[in-house]
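We're numbering straight along the sequence, starting at 1.
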Amino acid sequence: MSEHSERTTGTAGPLDRADRVESVDSATEVFVAHRNLLFTVAYEMLGSAADAEDVLQETWLRWVGVDRGTVREDRERAYLVRIVTRQALDRMRALGRRKESYVGPWLPEPLLTAPDVAEDVELADSISMAMLLVLETLSPSERAVFVLREVFGLDYDDIAEAVGRTPSAARQLAYRARAHVAARRPRGDVSPAQTRAALQAFQRAVETGELQDLLDILAPDVVALSDGGGVRHALLRPVVGSDKVAPLLAGGWWMRDAKRSVEPVQINGGPGLLILVDGEVDGVVAVRLESGYVTGAYHVRNPEKLSHVARETAVSR
């Protein structure tokens with residue numbers, strides 16, 4: 001068959017197929033180089049690792065279909081972030097409907113993270129359970145703009161394209177989101193020694209039932225939330241106050257007579273505990289610390305949300 005016949009019949013020749021394979025390989029290489037960042041963008045927008053992974057798959061499918069000649073090499077990161085943001089915004093609508101029918105408090109899906117994540121203070125703060133819960137109170141567009149600007153440092157022109165607004169409108173969304181988050185985000189620096197002391201007290205309380213060490217590091221207005229997803233026994237509403245929270249944690253109300261053990265881990269870039277019951281992972285507790293005291297304890301038991309605590313998840317910005 002002649003080259004002319006291949007063009008007129010629409011049949012790709014060997015060179016065309018080779019070019020296509022090379023193009024897909026090149027696109028995949030660029031995508032993989034930015035994958036951890038793209039996952040982090042999607043996760044911070046959704047609070048769900050499983051949904052973030054689905055968004056990444058959709059992003060890759062769209063990226064390999066892009067005419068690479070229209071994207072400068074120094075614009076590939078911004079272009080990919082634009083795609084992942086749009087896909088995450090679409091996914092937020094479906095996720096919002098699931099949350100409306102969720103049994104009990106909804107908590108973000110926890111991630112087991114490497115110790116070096118905590119060294120990037122801004123990144124660790126942005127993926128913390130406490131911050132993700134604050135981001136839940138923003139509108140989808142406000143959340144997207146806040147994440148892209150405050151965490152990833154995109155300029156307003158790129159943000160505007162990602163969220164389908166003008167740069168001026170994106171600035172207004174960022175202003176509102178910053179004010180909203182600033183009024184609700186955790187305050188007070190915490191030293192590594194204070195973090196270790198809090199985790200050790202938690203560990204002793206859960207493993208032995210001793211209350212005093214735990215009471216010493218709980219803030220008077222500490223809040224405990226638990227998420228069983230209607231599958232595992234969990235608190236159906238927040239519990240407030242150290243006098244109520246301490247006995248719940250120390251008593252292991254979710255374990256009954258089972259053999260329990262606790263391992264200190266990094267959850268979402270911050271201090272946490274991996275809870276084992278009869279040798280199996282039963283859940284995780286992420287701890288929010290402010291000025292040396294525990295102000296929040298977020299206990300996730302829903303089995304569907306524990307797939308990312310078996311191994312470390314890479315995040316970046």
| query | Looking only at atom types and distance, does a side-chain atom of Gln266 sit under 3.5 Å from a main-chain N or O of Ala118, one as donor and one as acceptor? | reply | no
| Would a distance-only check, ignoring hydrogens and angles, find a side-chain to backbone donor-acceptor pair under 3.5 Å from Arg143 to Met45? | yes
| Beyond-backbone contact of Val81 with Leu154, side-chain heavy atoms, under 4.5 angstrom |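 A side-chain contact under 4.5 Å exists here.
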Tell me whether [X] at atom [atom1] has more than 12 heavy atoms from other residues, nucleotides or ligands lying less than 6.0 Å away.
X	atom1	result
Tyr156	OH	yes
Tyr175	OH	no
Lys244	NZ	no
Glu122	CD	no

Any donor-acceptor pair under 3.5 Å linking the side-chain atoms of [Y] with those of [X]?
X	Y	result
Arg184	His180	yes
Ser126	Glu44	yes
Asn268	Tyr43	yes
Arg317	Thr40	no
Tyr102	Asn302	yes

| task | Before accepting this row, confirm whether a basic side-chain N of the pair Arg149/Asp158 lies closer than 4.0 Å to the acidic partner's carboxylate O. | result | no
| field | Arg35 bridged to Glu53 by N-O distance under 4.0 Å | value |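 Salt bridge flag = yes for Glu53 with Arg35.
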| Tyr79 six-ring face occupied by Arg75 cation (under 6.0 Å, within 45°) | no
| task | Run the numbers on Asp227 and Lys305 for salt bridge (charged side-chain N to carboxylate O under 4.0 Å, His left out), then give the verdict. | result | CA-CA 9 Å; Asp227 178 345; Lys305 294 186 176 183; 2.6 Å; yes
